[in-house]
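Note on naming: letters A, B, ... go to the chains in the order of the sequence lines (proteins, then strands), and numbering restarts at 1 for each one.
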Amino acid sequence: MTSFLPPSERIWWKVPIGRQELVWIGIALVWCLIMFFMMPYWHLYGKQNLSNEAYQTTPASFQAKVDGMVEQYKVGEEAGMPVVRPPAGSDIYMLGRLWQWYPILELEKDKSYRLHLSSMDWNHGFSLQPVNINLQIIPGYEMVLTVTPDQIGDYAVVCNEYCGIGHHTMLGKIYVKEI
Amino acid sequence: MPQEENLQEPERIPFFQRLLENPFLLLFLGVVVPTVFYILWGIMEIATIPVAQ
Amino acid sequence: MARFRVCPDSGFYFDKSAESLMKVNAVAAAVSLLIAGIMALGVILTRWQEVHLLPADLFYQALTLHGINALIFWIIFFEIAIMYFAASTLLRCRLAAPKWAWTGFVLMIIGAVMNNVAVFQGRSSVMMTSYAPMQAEPHFYLGLILFAVGALIGCFVFLGTLVIAKDEKTYEGSIPLVTFGALTACIIAVFTIACGAIILIPTFLWSIGYINHIDAAMYRLVWWGLGHSSQQINVAAHVSVWYLIAGVLFGARPMSEKVSRSAFLLYILFLQLASAHHILVDPGISSEWKVFNTSYAMYLAVLASMIHGLTVPGSVEVAQRAKGLTKGMFEWLRKAPWDNPVFSGFFLSLIIFGFIGGITGVVMGTEQINLIIHNTIYVPAHFHATVAVGTTLAFMALTYLLIPVLFRRALFLPWVAKMQPYVFSAGMTLMILFMLGAGTLGVSRRHWDMDFTGALLSFEYPGTAYVMMAVAGIGGVLGVLGGVMYLVVTVGSLVFGKKLDESAGFLQSFGLPLPAATYNISRADPVPMAPRLAVEEHGSAGFEAPGTFVLAMALLVCFVVYYFINWGYLASVWPLS
């Protein structure tokens, strides 16, 4: 009679299932399939997907790419950090290290950029605020995604993966402007 | 005669019930399925990430 | 050789060595919960920005201790006790290889102490996840490895006991559903521990300098096979506990053995795939892998949880209706023993796990929606609904059931016990809901200072985020109070509780067996099959548990609405491809 005793029937597999359970299993299964197919659907018709384009890299070679961009497109400096305005449609780079996001990027509204992200040391979390886009940044791997900022504003990049005692000071900036 | 035999012999246990009554087969399945789909497939994904130029 | 005693109140059989092992594992679990709870207070009072109690180093240290003690040591010690109960007591079988079981326990204790010492020393504040290449002291990893080996031995003792029970025919027919659920937990535990070994052994060797590189992405992949699956052990274990409590309190039988066991089979096959929930915004892993794994192969494990969500309360409803509580939809529930903490703990655990933990887990585990949730404080909000309320509260309820039966003590301060599940779940629910809100506003997890003091650049979260974190802080403090009440009742019962058996003294509460004469049964009668129902209700055309069906549909509606709200929110952020 109870859940902690052996089943009352030796061949319990053949005991028919009540209608209530069958109905519920049917409803739940349909819902599970809807949720499953929402993900491929969004890949086809949604606008927020990761490309999953990525490369194995090293801190040194990624740093070289960042430095190349900074040298070419630097337009100013803020709090000792270069502000960079790369052309629309180009490859742009941001690196995470203890404890900064480098450099500051200035982007044009409604233009697409290929954003490359990597870490110089430990795991970091790229958390774009207040948009609230969150990505895991892993040392040794370069993540590439196409971003299209669709609103003007000052955006912060918070680090949301714990990276030691200075974790809370790790802030970066992305400015989106109408040019 | 066959009728009598049916009464004597315990009814055959269905396949799924036998599966659910075999802890070691379940253990095997419960370790192999995630190992293949999550661990091995995942390791292949990471190992095949191309090297940046 | 006589080895069993029968509890005169409950009729449960206890094998002498299994009984001692259940006691020591349960006590070790409670000690881990104590450490986790003290650290929880430090964490929540620091995240409450107006209080901001601890300095950064102590905060991260407290958070590491809180995470490991709550998510690993508390639950796994307790689960070992549950496994021994499910195999030895429920099957009236002697425990296989008690010496091995003790070896496992000692290893777990050494491991847990070693790991805690490493973190207390201050140079291993690496969080529970300890993502390489951030490095902890070697004994941090070694402690975890020893603990895992000990737990693995416990799993095999459980499996061995099942084998002995079958050979010696200590039960008729098939193993009970509760034991089957414990088997599910055991299987998931074996996978979990294997992943732990694969990743922690090389990491340990790296920390002492034998290996010079651990790949950071591989580490995350394999570590989450440990980190997430360990929480799936909980799901299987607490669902079994739900069935057990429903059976003990109401004489509830599974609505269908076939359905409930098949649901556990889906757990065995697919639940561990959800480790992928943590890898959804990692670089370089294909969407095919992400979609397949994050959805537990087309959400089949979610289907299983939705099935248990119907059949657990459904079995209670059927049992209550059979007792004549048939008025309307919910008389069975209204007239349930709400002042019995075993019931209130069980039912609140079920409701909060389903409505909050389950729904948020599936939503944030959706490949694309994870983009707006990953590593925000939404994530700990979710798993406090699943682990801190779902699992922990279920285990608390089970403790109240077992103190008289296993420890032979009456509950100490029963009025505190009566209130405890309400205080704990109210506090935790408040904290969870407001942390979910703050996460939606982008507040990050594992973060000492939402003011970013000392940063060169600046950013301000909206004022609402601060208010939400403050309310979450109040809820968290209330939750800690609920935890204190639990420990006061349990430790109080073991030390001061009225002895239900003359010989259940102080040392007996902490593992010593009762006097030899108590164990006066050498060969127990086989556990009988559950009695058949007088009237065959299986397969009836009507709905046996209409009230539960209404609850289930309410869950589904919340689920659907909340799911699509989050897609809507995702659609509003910057386009990415």
Side-chain angles (χ1 to χ4, degrees), chain A residues 1-8 10 12-13 15-21 24-25 28-29 31-32 35-36 39 42-43 46-49 51-52 54 79 122-123 125 127 129-136 138-141 143 145-150 156 158 160-162 165 168-169 171 173, chain C residues 56 90 127 131 134 171-174 176-178 216-217 243-244 247 251 253-254 256-259 281-284 286 291 295 298-299 302-303 306 310 367-368 371-372 374-375 442 444 446-449 452 454-457 459 529-532 538-539 541 543-544 570 573-577:
Chain A
M1 184 90 78
T2 61
S3 308
F4 58 85
L5 291 178
S8 57
R10 181 66 196 93
W12 44 264
W13 185 262
V15 176
I17 302 169
R19 198 168 70 120
Q20 172 170 3
E21 280 172 290
W24 176 247
I25 292 168
L29 185 61
W31 173 237
C32 289
M35 290 195 297
F36 179 75
M39 292 187 283
W42 200 263
H43 274 285
K47 289 200 176 114
Q48 291 79 14
N49 289 291
S51 68
N52 299 313
W122 293 347
N123 272 260
S127 177
Q129 296 299 335
V131 193
N132 208 7
I133 290 173
N134 304 280
L135 302 165
Q136 186 78 24
I138 302 179
Y141 294 88
M143 182 184 225
L145 66 159
T146 305
V147 294
T148 316
D150 58 1
V158 176
N160 71 2
E161 183 59 78
Y162 170 66
I165 195 73
H168 65 280
T169 64
L171 268 185
K173 284 279 176 187
Chain C
L90 293 185
M127 304 293 126
Y131 290 135
M134 183 191 286
Y171 60 95
E172 295 171 2
S174 310
L177 179 63
V178 173
Y243 279 117
L244 174 66
R253 64 180 173 84
S256 155
E257 295 280 355
K258 180 178 174 177
V259 168
V281 294
D282 276 28
S286 69
V291 168
S295 69
M298 294 205 183
Y299 290 109
V302 174
L303 176 66
M306 291 173 80
L310 180 86
E367 190 205 0
Q368 294 93 340
L371 273 168
I372 55 174
H374 179 75
N375 270 359
S444 81
R446 296 175 163 179
H447 199 279
W448 175 63
D449 186 10
F452 307 99
L456 295 173
L457 300 163
F459 171 66
M529 284 157 70
R532 288 193 181 163
H538 290 297
F543 277 24
E544 304 163 90
L570 175 71
V573 308
W574 290 7
L576 306 165
S577 59

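If you tally non-hydrogen atom pairs under 4.5 Å between each of G46(A), A156(A), C32(A) and chain C, the highest count goes to C32(A). Looking only at heavy-atom pairs under 4.5 Å with chain A, the residue among L244(C), L177(C), L310(C), V281(C) that has the most is V281(C). Counting heavy-atom pairs closer than 4.5 Å to chain A, the top residue among V259(C), L90(C), V302(C) is V259(C). Ranking E257(C), M134(C), M127(C) against chain A, the residue ahead of the rest is M134(C), based on heavy-atom pairs under 4.5 Å. Interface summary for chain A: among G454(C), P283(C), A56(C), the most heavy-atom pairs under 4.5 angstrom belong to P283(C). Residue with the most contacts toward chain C among M143(A), E21(A), K47(A): E21(A) (heavy-atom pairs, distance under 4.5 Å).
With contacts defined as side-chain heavy-atom distances shorter than 4.5 Å, the pair P254(C)/S3(A) qualifies. Contact check for S8(A) versus M529(C): no side-chain heavy atoms found under the 4.5 Å cut-off. Proximity of N132(A) to V573(C): side-chain heavy atoms (C-beta onward) are nowhere separated by under 4.5 Å. Put simply, the side chain of K258(C) reaches to within 4.5 Å of the side chain of I17(A), judged on heavy atoms. Using a 4.5 Å heavy-atom threshold, the side chains of S295(C) and M39(A) count as touching.
Distance check: L171(A) CG to L456(C) CG gives 9.0 Å after rounding to the nearest 0.5 Å. One finds the CG atom of N123(A) at 8.0 Å from the CG atom of D282(C) (value rounded to the nearest 0.5 Å). A distance of 4.5 Å separates CG of L570(C) from CD of Q48(A), quoted to the nearest 0.5 Å. A distance of 11.0 Å separates CE of M306(C) from CD1 of I25(A), quoted to the nearest 0.5 Å. How far CD of E544(C) is from CZ of R19(A): 11.0 Å, rounded to the nearest 0.5 Å. Distance check, rounded to the nearest 0.5 Å: OH of Y162(A) to CZ of R446(C) gives 9.5 Å.
Between T169(A) and A455(C), the shortest heavy-atom contact is O-CB, 3.4 Å. Heavy-atom minimum distance, Y299(C) versus F36(A): CE1-N, 3.5 Å. Residues A79(A) and L457(C) approach most closely at CB-CD2, 4.2 Å, considering heavy atoms. The two residues Y171(C) and P6(A) come nearest to each other via the heavy atoms CB-CG, 4.3 Å.
With a threshold of 4.5 angstrom between heavy atoms, E172(C) approaches chain A through N, CA, C or O but not through any side-chain atom. At a 4.5 Å heavy-atom cutoff, the contact between F452(C) and chain A is made by backbone and side-chain atoms alike. Interface residue W122(A): backbone and side-chain heavy atoms are both found under 4.5 Å from chain C. When heavy atoms are compared at a cutoff of 4.5 Å, S286(C) approaches chain A solely by way of its backbone atoms N, CA, C and O.
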Between Q368(C) and N49(A), does a side chain to side chain contact (heavy atoms under 4.5 Å, CB included) hold up when you go through it step by step?
-> CA-CA 6 Å; Q368(C) 294 93 340; N49(A) 289 291; 2.9 Å; yes
Criterion side chain to side chain contact (heavy atoms under 4.5 Å, CB included) on R10(A) and S174(C), from CA distance to verdict | CA-CA 7 Å; R10(A) 181 66 196 93; S174(C) 310; 3.2 Å; yes
Is there a side chain to side chain contact (heavy atoms under 4.5 Å, CB included) between V158(A) and H447(C) once you walk through the steps?
-> CA-CA 10 Å; V158(A) 176; H447(C) 199 279; 4.2 Å; yes
What's the verdict on side chain to side chain contact (heavy atoms under 4.5 Å, CB included) for L303(C) and W31(A), showing C-alpha distance, side-chain angles and the deciding distance?
-> CA-CA 9 Å; L303(C) 176 66; W31(A) 173 237; over 6 Å; no
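Evaluation of the side-chain hydrogen bond (donor to acceptor under 3.5 Å, both in side chains) rule for S444(C) yields no partner, not counting sequence neighbours. Every side-chain hydrogen bond (donor to acceptor under 3.5 Å, both in side chains) that E367(C) has, sequence neighbours left out, goes to H43(A), S287(C).
Of the possible donor and acceptor atoms, one in the side chain of Q129(A) sits under 3.5 Å from a partner among the backbone N and O of G442(C). No side-chain donor-acceptor contact under 3.5 Å links N134(A) to the backbone of N375(C). In terms of modelled atom types and a separation under 3.5 Å, the side chain of N52(A) and the main chain of G284(C) share no donor-acceptor contact. Between the side chain of W448(C) and the backbone N or O of I165(A), no donor-acceptor pair lies under 3.5 Å.
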